Amino acid sequence: MPTATHSDVPTVTIERTFKAPIEKVWAMWTTKEGLEKWYWPEPLVGKVKHLDVRVGGGYEITAEGLAHSSRGTYTDVMPCERLGIRAAIDFLPDTAPYERIDSILLQAVPAGTKMTFTCTQMHSAHWQKLAMAGWTSSLDKLARALEVSS
């Protein structure tokens, strides 16, 4: 599967500040219990099939009602600081499989935890729009899950 590593590949960044300690935000990204509370946009519910949070390890998260799963490989793991991921985009009709490069940076701030999520763009404007709507919904779920657990 080709990897998007060129510096000229466009990226998108989403920043959020959560009213939760950095350890809780980290756990939401790196544990089965955490990921299943928020991963996949509304109204989908994710189930972690595989999770190995280490460089070279990976994840697979299915969504009830979908025929595919979200899969990726961890390229950078610095606890409570950052994650790097090569996400497999291998489920789109009439599109050759490719990888999207994601990074999650966490920073403790007075209000809680600032998260910066950056990812390479999808192959078309249509799929990019859908991906951003999905991430926005998923991160809204993450914020609600953190409020409940705090």
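As the structure is a prediction and not an experimental result, all values here were calculated from the model. Reckoned from all heavy atoms, side chains included, excluding hydrogens, waters and symmetry mates.
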(request) Applying side chain to side chain contact (heavy atoms under 4.5 Å, CB included), run through D76 and R82 and close with a yes or a no. (result) CA-CA 7 Å; D76 186 17; R82 67 182 183 262; 2.5 Å; yes
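- With contacts defined as side-chain heavy-atom distances shorter than 4.5 Å, the pair I61/K49 does not qualify.
- The closest donor-acceptor contact from the side chain of Y98 to the backbone of H123 lies under 3.5 Å.
- Of all the heavy atoms in I85 and G72, the pair that sits closest is CG2-CA, 4.4 Å.
- In terms of the salt bridge (Lys or Arg N to Asp or Glu O under 4.0 Å) criterion, residue partners of E36 (sequence neighbours excluded) are, by chain and number, K32.
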(request) I would like to know whether M28 and K37 meet side chain to side chain contact (heavy atoms under 4.5 Å, CB included); could you show each step before the answer? (result) CA-CA 8 Å; M28 288 294 201; K37 289 179 182 173; 4.0 Å; yes
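- Pairs of residues two or more places apart, or lying in two chains, never qualify as side chain to side chain donor-acceptor pair (under 3.5 Å) while including a residue from residues 106-116.
- With sequence neighbours left out, the side chain to side chain contact (heavy atoms under 4.5 Å, CB included) criterion links A63 to W40, L44, L66.
- At least one donor-acceptor pair closer than 3.5 Å links the side chain of T120 to the backbone N or O of I101.
- Residues satisfying the side chain to side chain donor-acceptor pair (under 3.5 Å) criterion with E42, sequence neighbours excluded, are R144.
- Evaluation of the side chain to side chain donor-acceptor pair (under 3.5 Å) test over residues 55-69, restricted to residues two or more places apart or in two chains, returns E60-S69.
- When atom types are taken as modelled, the side chain of S138 and the backbone of G134 share a donor-acceptor pair closer than 3.5 angstrom.
- When the side chains of ILVMFWY residues are joined at heavy-atom separations under 4.5 Å, either directly or via intervening members, V48 and L146 end up in a single hydrophobic cluster.
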(message) For a side chain to side chain contact (heavy atoms under 4.5 Å, CB included) check, start with the C-alpha distance between I89 and E99, then their side-chain angles and the critical distance, and finish with the verdict.
(response) CA-CA 5 Å; I89 308 300; E99 290 181 336; over 6 Å; no
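- Among pairs with a residue in residues 116-125, none fulfils salt bridge (charged side-chain N to carboxylate O under 4.0 Å, His left out), at least two apart in sequence or across chains.
- The hydrophobic clustering, which links ILVMFWY residues whose side-chain heavy atoms are closer than 4.5 Å, places L51 and W26 together.
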Could you give the side-chain donor-acceptor pairs of residues 10-18 under 3.5 Å, partners two or more places apart or in another chain?
unit_1	atom_1	unit_2	atom_2	d
T13	OG1	T118	OG1	3.1
R16	NH1	L139	O	3.4
R16	NH1	D140	OD1	3.0
R16	NH2	T136	O	3.4
R16	NH2	D140	OD1	2.9

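- A search for side chain to side chain donor-acceptor pair (under 3.5 Å) contacts involving Q128 returns nothing, not counting sequence neighbours.
- Checking side-chain atoms of T73 against main-chain N and O of G56 turns up no donor-acceptor pair under 3.5 Å.
- Between L83 and the choices L106, T30, T75, L105, the side-chain contact (heavy atoms from CB on, under 4.5 Å) rule is met once, by T30.
- When every heavy atom of A87 is checked against every heavy atom of D102, the shortest pair comes out as CB-OD2, 3.8 Å.
- Residues in residues 117-133 take part in no salt bridge (charged side-chain N to carboxylate O under 4.0 Å, His left out) pair, two or more places apart or across chains.
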(request) Kindly indicate, with the supporting measurements, whether the criterion side chain to side chain contact (heavy atoms under 4.5 Å, CB included) is fulfilled by W29 and L142. (result) CA-CA 9 Å; W29 279 95; L142 173 56; 4.0 Å; yes
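- Looking at S103 and F117, their side chains never come closer than 4.5 Å, going by heavy atoms from C-beta outward.
- A tilted orientation is assigned to the rings of W38 and W135, their planes being inclined by 30° to 60°.
- The shortest heavy-atom contact between I22 and A108 is CD1-N, 3.7 Å.
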